[in-house]
Visitor: 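My structure is below; once you've seen it, I'll send some questions.
Letters A, B, ... are given to chains in the order of the sequence lines, protein chains preceding strands, and every chain is numbered from 1. All heavy atoms count here, side chains included; hydrogens, waters and symmetry mates do not.
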Amino acid sequence: MPNYFSYNQSMTTLLTWSPTKIKAFRQALLTWYDANRRNLPWRVDHDPYHVMVSELMLQQTQVNTVIPYYQRFMAAFPTVAALAAAPESAVLKAWEGLGYYSRARNLHRAAKQLMADYGGQWPTTAAGLRELAGIGPYTAGAIASIAFNQPEPAIDGNAFRVFARLFCIDADITKPATRQLFADLIRQLIDPQRPGDFNQAVMDLGSSYMRAKDPDAAHSPVAAFDESLRTDTVLAYPVKTKKAKPQVVQYFALAIHSPAGWLLEQRPSTGLLANLWLMPLVARAAWVKQPLAEQITLAAAEFSQRAGHTVTLRAAGLPLVRHTFTHRQWQLTILTAETKAFALDFLPAQWVPSLSATNLALPTVQKKLTQAIQEGQA
DNA sequence: AACCCGTGGAT
DNA sequence: TATCCAAGGGT
């Protein structure tokens with residue numbers, strides 16, 4: 001069966017719907033949305049700051065996960081000006097546990113841009129919004145349409161899935177070039193009177209009747225427009241290539257304790273968990289074939305050199321801590337050291353009296369380490 | 001273009 | 001348990 005769209009064809013000539021059908025689609029979608037829209041904390045108004053914070057948090061993150069973070073973030077940073085004035089450490093602490101921490105740093109950067117470069121005046125077009133840190137094609141379209149009533153598509157995973165099914169589009173949505181295909185289509189479908197509601201309705205549709213797993217396309221408000229339903233191919237869309245498995249990396253995690261507390265090291269300002277705080281790690285890859293006792297001696301030597309202070313490390317006898325990121329799985333073997341409170345002149349590090357009550361932003365993997373250590377002490 | 005960047009829920 | 005995935009952006 002031929003698809004309505006193929007990878008190298010122009011969308012303009014392939015939208016087979018009549019103007020009448022397009023209007024009927026908009027009405028079916030928006031009527032359903034008006035009666036069934038989710039009540040979400042960032043939907044109480046169309047304030048661009050509220051939209052921006054919610055959209056950044058919602059990138060690759062589920063709605064239910066975001067809600068409490070959004071509430072706390074708004075309480076801590078009620079306005080763009082407040083966010084711009086805050087230290088990055090406070091912003092990261094508010095983001096702690098939400099993941100993809102570059103989003104928090106970009107959001108902070110965008111707030112500073114708005115205050116410093118734009119005099120607090122928001123750009124109101126998608127192209128203008130794209131100049132702000134952390135705002136890509138999706139988020140620019142979302143803010144432009146929701147906050148500024150611009151007829152811009154907001155093409156997230158929901159929109160890809162919804163329109164791939166409605167039109168049986170088999171282009172691979174993981175390929176950047178495919179976005180243009182969908183954008184050309186959605187620009188013709190979007191309701192020029194209510195673009196923000198149109199985009200949000202597509203998202204609500206994509207998280208309910210047209211969800212990825214266990215959809216209920218037959219009862220969707222746009223079932224009559226759904227070519228994949230008509231051809232019984234709903235689950236064939238969208239087409240996407242699979243992700244690679246995360247690679248395993250082994251480290252020693254150093255639980256170094258002194259009268260001043262536990263030692264936490266700040267991660268580098270780029271890369272994984274940038275600027276967050278974590279017990280010092282020592283890579284084991286170069287030593288994997290050596291006996292454990294030898295590895296511990298080598299790890300102590302390496303860390304002592306880094307810290308400018310000699311420590312003696314011991315196996316803690318605690319369970320291996322595993323933590324999986326998008327592209328890596330860490331396997332952490334905890335080593336312990338009891339030491340005096342040496343000066344931290346050579347490490348971006350701090351002594352913290354309590355691992356569970358600190359103003360430093362801790363990634364989830366550190367919380368797993370903390371839990372393993374506390375259970376070992378109990 | 002291909003790869004990097006977190007986390008928790010669902011199955 | 002393993003896998004997928006959820007309102008993507010940066011480089």
Visitor: Within less than 4.0 Å of OP1 or OP2 of B/dC4, is there a side-chain N or O belonging to A/Tyr100?
Guide: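 No, A/Tyr100 has no side-chain N/O under 4.0 Å of OP1/OP2 on B/dC4.
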Visitor: Taking only the side-chain nitrogens and oxygens of A/His327, find out if one of them lies under 4.0 Å from OP1 or OP2 of B/dC4.
Guide: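 Yes, within the criterion.
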Visitor: Rounded to the nearest angstrom, tell me the gap between atom CG in A/Leu92 and atom C1' in B/dC5.
Guide: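 So the two atoms are 14 Å apart, to the nearest Å.
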Visitor: Please work out which residues in residues 196-219 of chain A have a non-hydrogen atom less than 4.0 Å from an atom of DNA chain C and list them by number.
Guide: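 When residues 196-219 of chain A is checked for heavy atoms under 4.0 Å from DNA chain C, the hits, listed by number, are A/Met203, A/Ala212, A/Lys213.
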Visitor: Answer yes if the side chains of A/Gln200 and A/Arg43 hold a donor-acceptor pair under 3.5 Å, and no otherwise.
Guide: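 Looking only at side-chain atoms, A/Arg43 and A/Gln200 do form a donor-acceptor pair, the distance falling under 3.5 Å.
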Visitor: Judged by modelled atom types alone, do A/Asn106 and A/Arg103 share a side-chain donor-acceptor pair under 3.5 Å?
Guide: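 Distance-only check fails for A/Asn106 and A/Arg103.
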Visitor: Tell me: CZ of A/Arg105 to C1' of B/dC5, nearest whole Å?
Guide: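 Answer to the nearest Å: 11 Å.
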Visitor: Does the pair A/Phe252 and A/Trp287 meet the rule for a side chain to side chain contact (heavy atoms under 4.5 Å, CB included), with working shown?
Guide: CA-CA 11 Å; A/Phe252 289 124; A/Trp287 312 325; 4.3 Å; yes
Visitor: Would you check if the side chain of A/Arg267 reaches a backbone N or O of A/Leu272 as a donor-acceptor pair within less than 3.5 Å?
Guide: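 Flag set: sc A/Arg267 to bb A/Leu272 pair under 3.5 Å.
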Visitor: With a 4.5 Å cut-off on side-chain heavy-atom distances among I, L, V, M, F, W and Y, is there a chain of contacts connecting A/Leu254 to A/Trp277?
Guide: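 Not linked; separate clusters.
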Visitor: Rounded to whole angstroms, how far apart are NZ on A/Lys175 and C1' on B/dC3?
Guide: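 After rounding, the gap between these two atoms is 13 Å.
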Visitor: With a 4.0 Å cut-off on N to O distance, would you call A/Glu88 and A/Lys93 a salt bridge?
Guide: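 No, A/Glu88 and A/Lys93 are not salt-bridged.
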Visitor: Under 3.5 Å, which donor-acceptor pairs do the side chains of residues 255-263 of chain A form with other protein atoms, sequence neighbours left out?
Guide:
unit_1, atom_1, unit_2, atom_2, d
A/His257, ND1, A/Glu338, OE1, 3.2
A/His257, ND1, A/Glu338, OE2, 3.0
A/Ser258, OG, A/Ala260, N, 2.9

Visitor: So which of residues 262-280 of chain A are in contact with DNA chain B, with a heavy-atom cut-off of under 4.0 Å?
Guide: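 Contacts with DNA chain B under 4.0 Å: A/Gly271, A/Leu272, A/Leu273.
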Visitor: A/Arg38: which residues meet the side-chain hydrogen bond (donor to acceptor under 3.5 Å, both in side chains) condition with it, sequence neighbours left out?
Guide: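 Scan of A/Arg38 (side-chain hydrogen bond (donor to acceptor under 3.5 Å, both in side chains), adjacent residues dropped) gives A/Asp204, A/Ser207.
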Visitor: Does the side chain of A/Thr333 come within less than 4.5 Å of A/Gln250's, by heavy atoms?
Guide: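 Side chain of A/Gln250 against side chain of A/Thr333, heavy atoms only: no contact under 4.5 Å found.
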Visitor: Please list, by residue number, the residues of residues 37-44 of chain A whose heavy atoms come closer than 4.0 Å to an atom of DNA chain C; answer none if no residue qualifies.
Guide: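 Contacts with DNA chain C under 4.0 Å: A/Arg38, A/Leu40, A/Trp42, A/Arg43.
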Visitor: Is any NZ, NE, NH1 or NH2 atom of the basic residue among A/Glu152 and A/Arg187 found under 4.0 Å from an Asp or Glu carboxylate oxygen of the other?
Guide: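 Yes, charged N to carboxylate O under 4.0 Å.
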Visitor: Does A/Gln59 reach a base, just sugar-phosphate, or nothing at all? Heavy atoms under 4.0 Å.
Guide: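 Result for A/Gln59 = sugar-phosphate.
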Visitor: Any chance NZ of A/Lys23 has more than 12 other-residue heavy atoms, nucleotides or ligands included, within less than 6.0 Å?
Guide: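 Not more than 12 within 6.0 Å, no.
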Visitor: For residues A/Phe167 and A/Trp17, establish whether the separation of their ring centroids is below 6.0 Å.
Guide: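 Yes, the ring centres sit under 6.0 Å apart.
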Visitor: Provide the distance between the two P atoms, one in C/dT11 and one in B/dG6, to the nearest whole Å.
Guide: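 Straight-line distance between the two P atoms is 13 Å.
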Visitor: For A/Thr241, what residues pass the side-chain hydrogen bond (donor to acceptor under 3.5 Å, both in side chains) criterion, not counting sequence neighbours?
Guide: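 A/Thr241: side-chain hydrogen bond (donor to acceptor under 3.5 Å, both in side chains) contacts with A/Thr174.
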Visitor: Could you state the interatomic distance from CH2 (A/Trp95) to OH (A/Tyr69), rounded to the nearest 0.5 Å?
Guide: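 Separation between the atoms: 10.0 Å.
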Visitor: Could you give the CD-to-P distance, from A/Gln329 to B/dC5, as a whole number of Å?
Guide: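 It works out to 15 Å between those atoms.
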Visitor: Quick one, which residues of residues 139-149 of chain A touch DNA chain C with a heavy atom under 4.0 Å?
Guide: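 Those residues are A/Thr139.
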Visitor: Quick one: side chains of residues 312-320 of chain A, donor-acceptor pairs under 3.5 Å with protein atoms, not counting sequence neighbours, listed by atom name and distance.
Guide:
none

Visitor: In whole Å, what is the span from the CG atom of A/Leu58 to the P atom of B/dT7?
Guide: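 Distance check: A/Leu58 CG to B/dT7 P gives 17 Å.
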Visitor: Near DNA chain C, under 4.0 Å by heavy atom, which residues of residues 64-73 of chain A?
Guide: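 Heavy-atom contacts with DNA chain C come from no residue of residues 64-73 of chain A; none.
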Visitor: Side-chain atoms of residues 371-378 of chain A: list all donor-acceptor pairs with protein atoms under 3.5 Å, sequence neighbours left out, distances to 0.1 Å.
Guide:
unit_1, atom_1, unit_2, atom_2, d
A/Gln371, NE2, A/Glu375, OE2, 3.1

Visitor: Reading DNA chain C 5' to 3', which nucleotide is the first, and which the last, to come under 4.0 Å of any heavy atom in chain A?
Guide: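 Footprint of chain A along DNA chain C, 5' to 3': C/dT3 to C/dG10.
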Visitor: Quick one: A/Asp172 CG to B/dA2 C1', roughly how many Å, whole number?
Guide: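 Distance, rounded to whole Å: 13 Å.
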Visitor: Does A/Tyr237 reach the side chain of A/Ile169, with side-chain heavy atoms less than 4.5 Å apart?
Guide: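 With C-beta onward as the side chain, the pair stays apart.
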Visitor: Please work out which residues in residues 121-132 of chain A have a non-hydrogen atom less than 4.0 Å from an atom of DNA chain B and list them by number.
Guide: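 Under 4.0 Å from DNA chain B: no residue of residues 121-132 of chain A.
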Visitor: Does A/Thr61 put a side-chain nitrogen or oxygen below 4.0 Å from OP1 or OP2 of B/dT7?
Guide: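 The answer is no; no side-chain N or O of A/Thr61 sits under 4.0 Å from OP1 or OP2.
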